[in-house]
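To keep things clear, I will list the structure first and then write my remarks on it.
Residue numbers run from 1 in the order of the sequence given.
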Amino acid sequence: MDDHVTWADKGFMEPGEAVDLTTYAASGRNLFDGSFTWPVMVLKKSALEHNIETLAGFAEEHGLLLAPHGKTTMAPSLYRQQLDAGAWAITVATPSQALVARHAGVRRVLVANEILDHSALSWVASERAADPEFLHLHWVDSVEGVEAAAEASALVGVADRPLAVLLDLGFPGGRTGCRSVEEAVELARVVDGRPGLLLAGVAGYEGGLETAEAVGDYFDRLKELASTLFTEGLVAADAIVSAGGSAFFDVLAERWASGWPDGMTPRKVLRSGTYITHDHGLYAATTPYHRIAGSLDPAIEVWAQIVSAPEEGLVIAGMGRRDVPYDNGLPVPLAVRRDGFGGAEKIEGTVEKLADQHAFLRTDAGLRPGDLVSFGISHPCTAFDKWRLIPVVDLDYTVTDLARTYF
């Protein structure tokens, strides 16, 4: 019933017959007309559109290809908006996420990970054999990963449609990836010696590096690796060079703007993902738009009802760890609708802690049971995975669309 709203969709008050998504989105329902129960997470349409347009413009301005990290949302309807705005591909983290993207009609999928699962690699090889327009790229940082991909390719036996891989360059103490340029070049030679594989370029992830200087040095090493592979004839002139989370894409654009070997015209692929919704916490603090012109708008709100006011200055909202992220900061109270009615007014306060279904909110706003409070969140990736179906709303909270997630 993925194409319907049902009683099983958290936050939706739909106890009767299922309603198909298109009909529901066109019915003019409002967040506050009784169609929903609390808590519920919403996406603000205007912020989504602004953010998608903003990063698409940044990529175009700096000669970058945008492959947004789809694991942020796992929502094919949002993938389509990003692709329609000019995104070149969708990035994912696992083979199962790649299946979601493929079934959503995505033509270019990047898996930002090494794949060693034989069944997953066989599926990729079979898809490549059946559809020459389907581009699938995944990372390798070990001989084992190279051999697994080569074996899957050999079993399918389509010599003119090799499996394309990206060489993963990391850094000491980082996540994955070869730890030096020299080690990576040696692995590139292993890839080059395996029929059925194509070394399409290099990739990496700067997460874990905390300063712009350290990130810039890392991007320089990725450029050095790609340049070395090109001069040694191990990658094509238009090899892919990919990196970039949502905190330092301005540094990537600057470091990769020039300095490439003569004759090399790399495809520079930016993989930022959380920009699509931004937030009120982690990415509000780390966005590159503190350093460059422009802005992103937070698109996620979670509305919860005050269920208890047991002490002066302390209220309990019916929203907890099963509803909002808490791994990179707690929710931030934004506004209240008194008794659930009337216009929203801004409030201040602090969420001190979360239980499974409750939030402990310290505030002097005089909140009472029944009041509805909106919260901003920190870290979108661990907000989306708590909601199977999310209403997209306009400025007066009328539902305009629905985003189904596949975690």
Side-chain angles (χ1 to χ4, degrees), residues 51-52 55-56 58-60 62 64-115 117 120-121 123-124 127-128 134-141 145 149 163-170 174-177 200-208 218-219 222 226 239-249 252-253 256 266-278 283 379-382 384-385 403 405-407:
N51 296 344
I52 290 171
L55 212 65
F58 177 89
E60 182 177 8
H62 294 280
L64 305 174
L65 298 174
L66 185 59
H69 211 318
K71 61 94 175 170
T72 296
T73 68
M74 287 306 296
S77 63
L78 299 181
Y79 296 173
R80 180 49 51 195
Q81 292 183 47
Q82 292 170 302
L83 292 166
D84 288 347
W88 178 73
I90 294 294
T91 300
V92 295
T94 68
S96 64
Q97 293 175 0
L99 276 170
V100 172
R102 182 63 172 147
H103 278 272
V106 178
R107 308 296 295 177
R108 301 186 188 96
V109 177
L110 277 66
V111 179
N113 232 331
E114 186 162 63
I115 303 176
D117 179 355
L121 288 166
W123 169 76
V124 173
E127 286 291 293
R128 286 283 296 130
F134 173 51
L135 176 63
H136 180 284
L137 297 153
H138 73 274
W139 297 6
V140 293
D141 73 355
L163 282 182
V165 297
L166 298 174
L167 200 60
D168 181 6
L169 179 67
R175 195 167 65 185
T176 62
V202 304
Y205 175 57
E206 69 276 14
Y218 172 63
F219 289 156
L222 274 167
I240 289 170
V241 186
S242 177
S246 293
F248 292 103
F249 51 75
L252 180 148
W256 289 0
R267 287 176 286 173
K268 298 173 283 187
V269 178
L270 173 64
R271 301 192 313 273
S272 303
T274 54
Y275 77 91
I276 188 172
T277 60
H278 199 48
Y283 291 100
H379 196 197
C381 298
T382 48
F384 276 92
D385 64 1
T405 66
Y406 292 84
F407 284 95

task: Kindly say whether W256 contributes a backbone atom to a donor-acceptor pair with the side chain of K268 at under 3.5 angstrom?
output: yes

- prompt: Are the side chain of S77 and the backbone N or O of A403 linked by a donor-acceptor pair below 3.5 Å?
  reply: no

message: Is the shortest side-chain heavy-atom distance between H278 and N51 below 4.5 Å?
response: yes

message: So, taking the atom named OG1 in T73 and the one named CD1 in I90, what distance separates them when rounded to the nearest 0.5 Å?
response: 8.0 Å

query: Does a side chain donor of either T176 or D141 reach within less than 3.5 Å of an acceptor in the other side chain?
result: no

Side-chain heavy atoms of R102 within contact of F134, under 4.5 Å: yes

field: Minimum heavy-atom distance between G204 and L222, given as atom pair plus value
entry: N-CD2, 4.1 Å

message: Looking at A89, is its backbone amide N or carbonyl O close enough to the side chain of Y79 to form a donor-acceptor pair, meaning the two atoms are under 3.5 Å apart?
response: no

message: Quick one: does any side-chain atom of E206 pair with a main-chain N or O of G245 as donor and acceptor, under 3.5 Å?
response: yes

message: Could you check whether any side-chain heavy atom of L55 comes within less than 4.5 Å of a side-chain heavy atom of S272, counting everything from C-beta outward?
response: yes

message: Give me the atom names and distance for the closest heavy-atom approach of A112 to R271.
response: CB-NE, 4.3 Å

- request: Could you grab the distance from atom CD1 of I276 to atom NE2 of H69, nearest 0.5 Å is fine?
  value: 13.5 Å

statement: All heavy atoms of R80 vs all of G105, minimum pair found to be NH2-O, 4.0 Å

query: So do the side chains of Y275 and L270 get within less than 4.5 Å of each other, counting heavy atoms only?
result: no

message: Would you say that V140 contacts L167 through its side chain, given a criterion of any heavy-atom pair below 4.5 Å between the two side chains?
response: yes

- request: Over all heavy atoms of both residues, which pair between T72 and F407 is shortest? Give the atoms and the distance, please.
  value: O-CZ, 4.1 Å

field: Candidate list D168, V202, L169, test side-chain contact (heavy atoms from CB on, under 4.5 Å), partner W139, passing option
entry: D168

- prompt: For the atom pair OG1 (T91) and CG (N113), what is the distance rounded to the nearest 0.5 Å?
  reply: 11.5 Å

query: So do the side chains of H138 and L110 get within less than 4.5 Å of each other, counting heavy atoms only?
result: no

Spatial distance of atom CG (L166) from atom CG (L137) [nearest 0.5 Å]: 5.0 Å

query: Looking at CZ of F248 and OH of Y218, how far apart are the two atoms once the value is rounded to the nearest 0.5 Å?
result: 13.5 Å

field: For A98 against H136, the heavy-atom pair lying closest together
entry: CB-NE2, 4.5 Å

query: What distance do W123 atom CH2 and D117 atom CG have between them, rounded to the nearest 0.5 Å?
result: 11.5 Å

query: How about R267 and I240: do any of their side-chain heavy atoms sit closer than 4.5 Å?
result: yes

- prompt: Looking only at atom types and distance, does a side-chain atom of S246 sit under 3.5 Å from a main-chain N or O of T274, one as donor and one as acceptor?
  reply: yes

- line: Minimal heavy-atom distance between Q82 and P68, with the atoms involved, is NE2-CB, 3.4 Å

message: Between W88 and L64, is there a side-chain heavy-atom distance shorter than 4.5 Å?
response: no

